[in-house]
Undergrad: 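Pasting in a structure now, in structure tokens, and then I'll have a few things to ask.
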Amino acid sequence: MSKSENIVISVKNLSKSYGELDVLKKIDMDIYEGQVVTIIGPSGSGKSTFLRCLNYLETLTDGEISIFGNTLVGPKESKQAAKDNEKVAKEIRKNVGMVFQQFNLWPHKTVLENVIEGPVQIKKVKKEEAIKKAEELLEKVGMKEKAGALPTQLSGGQQQRVAIARALAMEPKAILFDEPTSALDPEFVNEVLNVMKELAKEGMTMIVVTHEMGFAAEVSDRVCFMDGGYVLEDGTPDEVFKNPKTDRAKQFFSKILNV
């Protein structure tokens with residue numbers, strides 16, 4: 001199931017609660033370099049919360065997450081642990097990109113300016129160098145001809161492709177995708193999925209929360225089915241889709257896949 005023996009993301013006993021509501025419950029997961037892991041399941045199962053915990057957009061209630069040697073811990077009541085996590089999160093975000101459901105492009109900046117902003121401001125790359133790299137990435141995602149356009153002049157699919165180029169501009173070792181096609185009109189979904197498929201072929205470590213079952217079946221090395229804050233299934237696409245072990249997964253797929 002792994003393309004490499006090198007574990008780059010390790011999740012141990014991860015829990016996340018909002019008051020009395022337990023959203024994630026003792027999740028354990030190791031992700032290997034170059035793996036494409038899709039996370040599927042019904043709405044409210046904890047998929048996006050799990051993804052947001054990985055780069056500390058959500059705090060941990062308990063457990064720990066180690067990404068490329070940087071470890072976040074559940075702070076509980078410790079203010080020092082929370083401060084330490086903030087420092088660790090900055091290091092994690094240097095290595096881990098994220099593409100959101102909503103594109104989050106700066107509306108007053110052109111496509112090119114959106115892509116170079118991170119490298120110039122955060123990584124202190126020279127502007128000329130950042131522009132050259134951005135143009136290469138925009139060509140990669142089929143958006144070079146729109147470099148001077150504003151986000152409002154683009155379709156949803158075009159904006160999401162720019163968002164992927166922006167994430168790639170930071171030269172991440174892994175990318176998190178949080179339902180990247182769910183806000184798109186159906187006609188624009190494939191243009192985004194095709195870019196993601198190319199990244200998978202190139203060996204990018206990817207964790208993708210998605211409702212696109214065809215994409216999950218075609219591209220994933222692993223599929224994780226979540227419900228009620230638990231990972232109920234974790235296996236190859238064939239194992240999870242064709243031979244799920246739990247009744248809940250069987251019920252879910254019977255409705256989604258008409259099997």
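Treat the numbers as computed from the prediction; the structure is a model and nothing was measured.
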Undergrad: Would Lys140 and Glu202 satisfy side-chain contact (heavy atoms from CB on, under 4.5 Å), going step by step from the backbone distance to the final call?
TA: CA-CA 12 Å; Lys140 182 187 186 80; Glu202 292 169 9; 2.7 Å; yes
Undergrad: For the pair Phe241 and Phe253, name the ring-plane relationship: parallel under 30°, tilted 30 to 60°, perpendicular over 60°.
TA: perpendicular
Undergrad: Passes side-chain contact (heavy atoms from CB on, under 4.5 Å), Tyr230 versus Lys26? Steps please.
TA: CA-CA 7 Å; Tyr230 294 101; Lys26 299 184 181 300; 5.7 Å; no
Undergrad: Okay, side chain of Arg161, backbone of Val192: is any donor-acceptor separation there less than 3.5 Å?
TA: no
Undergrad: Could you check whether any side-chain N or O of Asn95 sits under 3.5 Å from a backbone N or O of Pro172, counting only pairs where one atom can act as donor and the other as acceptor?
TA: no
Undergrad: Applying the 4.5 Å side-chain criterion to the ILVMFWY set and letting contacts propagate, would Leu154 and Val115 be lumped into a single cluster?
TA: yes
Undergrad: Which is it for Val11 and Asp30 under the side-chain contact (heavy atoms from CB on, under 4.5 Å) test, yes or no, and what are the steps along the way?
TA: CA-CA 6 Å; Val11 179; Asp30 287 335; over 6 Å; no
Undergrad: Between the side chains of Lys94 and Glu91, is the shortest nitrogen-to-carboxylate-oxygen separation below 4.0 Å, so that they form an ion pair?
TA: yes
Undergrad: Is there a side-chain contact between Leu14 and Asp62 in this structure, where contact means two heavy atoms from C-beta onward sitting under 4.5 Å apart?
TA: no
Undergrad: Are Leu24 and Cys53 side-chain neighbours, meaning at least one heavy-atom pair lies under 4.5 Å?
TA: yes
Undergrad: Looking just at side-chain N and O atoms, do Glu233 and Thr246 make a donor-acceptor pair shorter than 3.5 Å?
TA: yes
Undergrad: Quick one: does Thr110's side chain have a donor or acceptor within less than 3.5 Å of a partner on Glu113's backbone?
TA: yes
Undergrad: Do the side chain of Glu139 and the main chain of Glu136 share a donor and acceptor less than 3.5 angstrom apart?
TA: no
Undergrad: Using 0.5 Å steps for rounding, measure from the CD1 atom of Ile122 to the NZ atom of Lys90.
TA: 10.5 Å
Undergrad: Hey, any chance Val37 and Ile92 share a hydrophobic cluster, counting ILVMFWY side chains that come within less than 4.5 Å of each other, even indirectly?
TA: yes
Undergrad: Give the C-alpha distance, both sets of side-chain angles, the deciding distance and a yes or no for side-chain hydrogen bond (donor to acceptor under 3.5 Å, both in side chains) between Gln35 and Thr205.
TA: CA-CA 5 Å; Gln35 271 196 331; Thr205 305; over 6 Å; no
Undergrad: Please report the closest heavy-atom contact between Met29 and Cys224, naming both atoms and the distance.
TA: CE-SG, 3.8 Å
Undergrad: Heavy-atom distance under 4.5 Å between the side chains of Glu191 and Gln158, does that happen here?
TA: yes
Undergrad: Locate the shortest heavy-atom distance separating Pro237 from Ala216; write the atom from each residue and the value.
TA: CG-O, 3.8 Å
Undergrad: Apply side-chain contact (heavy atoms from CB on, under 4.5 Å) to the pair Ile131 and Leu112, showing each step before the final yes or no.
TA: CA-CA 7 Å; Ile131 289 173; Leu112 183 66; 4.2 Å; yes
Undergrad: If we ignore hydrogens and angles and just use 3.5 Å, is the side chain of Lys123 paired with the main-chain N or O of Glu171 as donor and acceptor?
TA: no
Undergrad: As an exercise, state the distance from OG1 of Thr236 to CG of Asn243, rounded to the nearest 0.5 Å.
TA: 9.5 Å
Undergrad: Any salt bridge between Arg222 and Asp234, counting N to O under 4.0 Å?
TA: yes
Undergrad: Going hydrophobic residue to hydrophobic residue with side-chain gaps under 4.5 angstrom, can you get from Leu150 over to Phe188?
TA: no
Undergrad: Would you compute the distance between atom NZ of Lys127 and atom CD of Gln121 and round it to the nearest 0.5 angstrom?
TA: 9.5 Å
Undergrad: Whether the Ser10 and Ser66 side chains hold a donor-acceptor pair (N or O, under 3.5 Å, no angle test) is what I'd like checked.
TA: no
Undergrad: Can you find a heavy atom in the side chain of Ile67 that is under 4.5 Å from one in the side chain of Leu54?
TA: yes
Undergrad: Any non-hydrogen side-chain atom of Asn104 less than 4.5 Å from a side-chain atom of Arg166?
TA: yes
Undergrad: Quick one: side chain to side chain donor-acceptor pair (under 3.5 Å) pairs with a partner in residues 11-21, sequence neighbours left out?
TA: Lys16-Thr59, Ser17-Asp22, Tyr18-Glu58
Undergrad: Could you pull out the closest heavy-atom pair between Thr210 and Ile40, with the gap in Å?
TA: O-CG2, 3.5 Å
Undergrad: Would you call Lys201 and Glu198 a salt bridge, taking side-chain N to carboxylate O under 4.0 Å as the test?
TA: yes
Undergrad: Could you tell me the separation between the CD1 atom of Ile175 and the CD1 atom of Ile164, rounded to the nearest 0.5 Å?
TA: 7.5 Å
Undergrad: Let me confirm one number: the OG1-CE distance from Thr38 to Met206, rounded to the nearest 0.5 Å.
TA: 9.5 Å
Undergrad: Looking only at heavy atoms, which two atoms of Asp227 and Pro42 are closest? And how far apart?
TA: OD1-CG, 3.1 Å
Undergrad: Is the side chain of Gln159 donor-acceptor paired with the backbone N or O of Gly156 at a distance under 3.5 Å, no angle test?
TA: no
Undergrad: Within the distance-only criterion (no hydrogens, no angle test), does the side chain of Asn114 pair as donor or acceptor with the backbone N or O of Lys109 below 3.5 angstrom?
TA: yes
Undergrad: Looking only at side chains, do Glu64 and Thr71 share a donor and an acceptor under 3.5 Å apart?
TA: no
Undergrad: To check you understand the geometry: which heavy-atom pair defines the closest contact between Val209 and Ser48, and what is its length?
TA: CG1-OG, 4.2 Å
Undergrad: Are any non-hydrogen side-chain atoms of Ile207 and Ile9 less than 4.5 angstrom apart?
TA: yes
Undergrad: Please list all pairs passing the ring pair (Phe, Tyr, Trp, His ring centres under 6.0 Å) test where one or both residues lie in residues 50-69, with sequence neighbours left out.
TA: none
Undergrad: State plainly whether the residues Lys144 and Glu135 are in salt-bridge range, i.e. N to O under 4.0 Å.
TA: no
Undergrad: Please check: side-chain N/O of Ser182 versus main-chain N/O of Glu179, any donor-acceptor pairing under 3.5 Å?
TA: yes
Undergrad: Would a single hydrophobic cluster contain both Met196 and Met170, if residues Ile, Leu, Val, Met, Phe, Trp and Tyr are joined by side-chain heavy-atom contacts under 4.5 Å?
TA: no
Undergrad: How close do Ala89 and Leu72 get, heavy atom to heavy atom, and via which atoms?
TA: N-CD2, 4.1 Å
Undergrad: Can you confirm whether Lys173 sits close enough to Val8 that some side-chain heavy atom of one is under 4.5 Å from a side-chain heavy atom of the other?
TA: no
Undergrad: Using only atom types and a distance under 3.5 Å, with no angle test, would you say the side chain of Glu218 pairs donor to acceptor with the backbone of Phe215?
TA: no
Undergrad: So how far is it from Lys47 NZ to Leu51 CG, rounded to the nearest 0.5 Å?
TA: 10.5 Å
Undergrad: Would you call Lys133 and Glu128 a salt bridge, taking side-chain N to carboxylate O under 4.0 Å as the test?
TA: no
Undergrad: So that I know where these two stand, are Phe177 and Phe100 an aromatic pair - ring centroids less than 6.0 Å apart?
TA: no
Undergrad: Are Met98 and Leu57 packed together at the side-chain level, in the sense that at least one heavy-atom pair is separated by less than 4.5 angstrom?
TA: yes
Undergrad: Do Met143 and Leu199 land in one hydrophobic cluster if side-chain heavy atoms of ILVMFWY residues count as linked below 4.5 Å?
TA: yes
